[in-house]
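Both ligands and their constituent atoms are indexed starting at 1 by order of listing. When reading the values below, keep in mind they use all heavy atoms of this one structure, side chains included, and skip hydrogens, waters and symmetry mates. Computed from a predicted structure; not experimentally measured.
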Amino acid sequence: MRVVDIIQNKRDGRELNEKEISFLLDNYQENKVPDYQMSAFLMSVYFNGMTKNELKIFTEKMVNSGDVIKFQGIDKFLIDKHSTGGVGDKTTIALAGLFAALDIGTAKLSGRGLGHTGGTIDKFEAIPGFSFPQTKEELIKMVNTTGTGIMGASENVVPLDKKIYALRDVTATVQSIHLIASSIMSKKLAVYADGLILDVKVGSGAFMKNLDEARKLSNAMLDIGDSFNRKVVTILTNMDEPLGFAVGNANEIIEAIETLKGRGPKDFTDLIETIVGMALKLKGDVDSLEEGIKKVHKVIKNGEALKYLKEFISYSGGNGELVDDYSLLPTAKFELRLFSKTSGWVKEINAEEIGKAGMILGAGRATKIDIIDYAVGINLNKKVGDKVEVGELLAIIHYNNDKNLKTSEKMIENSYSYSQTKTIPKNVILEINSVNI
Ligand code: URA
């Protein structure tokens with residue numbers, strides 16, 4: 001078998017078989033296929049896509065390129081909620097309380113943030129003293145005690161994805177729907193969960209800029225989930241503006257806590273209600289999303305969700321009292337209030353720009369080695385659909401170092417676009433699809 005023939009088959013639109021895909025990927029992993037041939041193959045996939053069967057084989061090879069983890073000794077129904085990366089996405093923090101209150105478990109590996117989107121691990125680490133488990137055994141104990149177990153992503157889970165992703169990054173092939181789908185799904189399938197919930201972000205701050213692309217990604221991930229006989233839900237959600245008002249780390253923890261107190265922003269509240277409602281449906285506790293959402297309302301109202309989040313924080317070395325005393329979180333020394341120079345109705349807030357505006361002040365990482373300042377963040381005061389007058393408060397920047405302050409301020413201002421007629425915010429939930437439930 002020759003790699004050049006495999007590339008040619010893919011280039012000419014012929015379906016590859018298991019032998020061809022295995023030959024290519026095994027040899028690439030062992031450095032026997034050079035990057036230039038793999039690049040040509042990836043570009044052919046970019047243009048021609050993969051069939052459902054090719055996707056299955058490709059993803060299976062990715063999964064088996066490293067450790068496949070099944071946590072033993074967890075007696076909970078395990079849900080892995082994954083987001084394709086948004087701005088202001090503090091979902092996992094709120095889910096730690098909600099899932100536990102509703103007897104749903106989570107055992108997952110999570111990433112750190114890079115670029116304009118923040119990482120879940122970073123957000124939790126904004127809590128002084130908070131530490132993640134270092135071993136599988138610690139993680140299992142954590143899930144059995146608190147319902148939630150999260151640890152940093154291991155180097156040896158889907159190592160082939162790291163190698164291929166690095167190549168995609170420099171060959172303009174990151175944006176291939178099928179390569180994204182297999183990259184995400186391989187990492188999800190390598191760590192066992194009873195059900196997967198995939199939040200596919202759509203809009204200015206997301207990988208998928210429009211609904212059509214997001215649907216294609218969602219379908220590809222559902223196809224892969226189906227091939228592996230997994231229960232999978234995809235939720236397409238709006239990212240034409242950041243999620244909620246807070247973008248940063250400590251401030252996002254506060255917003256997640258406020259949401260568990262029933263005082264959260266509408267978009268974020270709708271999102272977590274839907275995710276947890278669908279999780280209950282996946283688990284078989286309810287027949288409909290509406291029934292699931294009622295259960296969510298109950299554990300927010302009776303304080304159970306907050307109580308479990310407090311326990312989770314304490315278990316992880318943080319001070320659980322912070323759920324009622326936000327001064328226990330890092331606070332920035334300075335704040336800058338941004339006032340609007342325009343009037344009108346907010347039409348869109350470019351989420352990527354807001355994410356970057358926070359990142360250049362220290363709320364995120366431009367490179368892997370950057371150190372995060374957890375106290376830094378942006379709190380928006382106006383969202384899509386709001387009426388704004390000249391001189392009204394648009395946003396507050398919390399910062400410790402004014403090095404990039406002027407640029408950040410400009411970026412926030414420019415990220416707002418206005419209409420002179422009333423605008424209606426999009427529902428955060430755009431579409432829900434599933435397989436095997
Ligand atoms: N996220 C991933 O994990 N992989 C991709 O290819 C794109 C986004």
I need the atoms of ligand 1 closer than 4.0 Å to a non-hydrogen atom of Ser183, numbered in the order shown. 2 (C), 3 (O), 4 (N), 5 (C), 6 (O)
Would you please say whether a donor-acceptor pair under 3.5 Å links the side chains of Thr173 and Thr171? yes
Side chains of Glu20 and Asn9: do they bring a donor and an acceptor to under 3.5 Å? yes
Minimum-distance protein heavy atom relative to atom 8 (C) of ligand 1: Phe207 CE1, 3.6 Å
Lys187: numbered ligand 1 atoms lying under 4.0 Å from its heavy atoms: 2 (C), 3 (O), 4 (N)
Parallel under 30°, tilted from 30 to 60°, perpendicular over 60°: which one fits the rings of Phe124 and Phe130? parallel
Give the residue and atom name of whichever protein heavy atom lies nearest to atom 1 (N) of ligand 1, and the separation in Å to one decimal. Ile184 CG1, 3.8 Å
Salt-bridged, Glu409 to Lys406, with N to O below 4.0 Å? yes
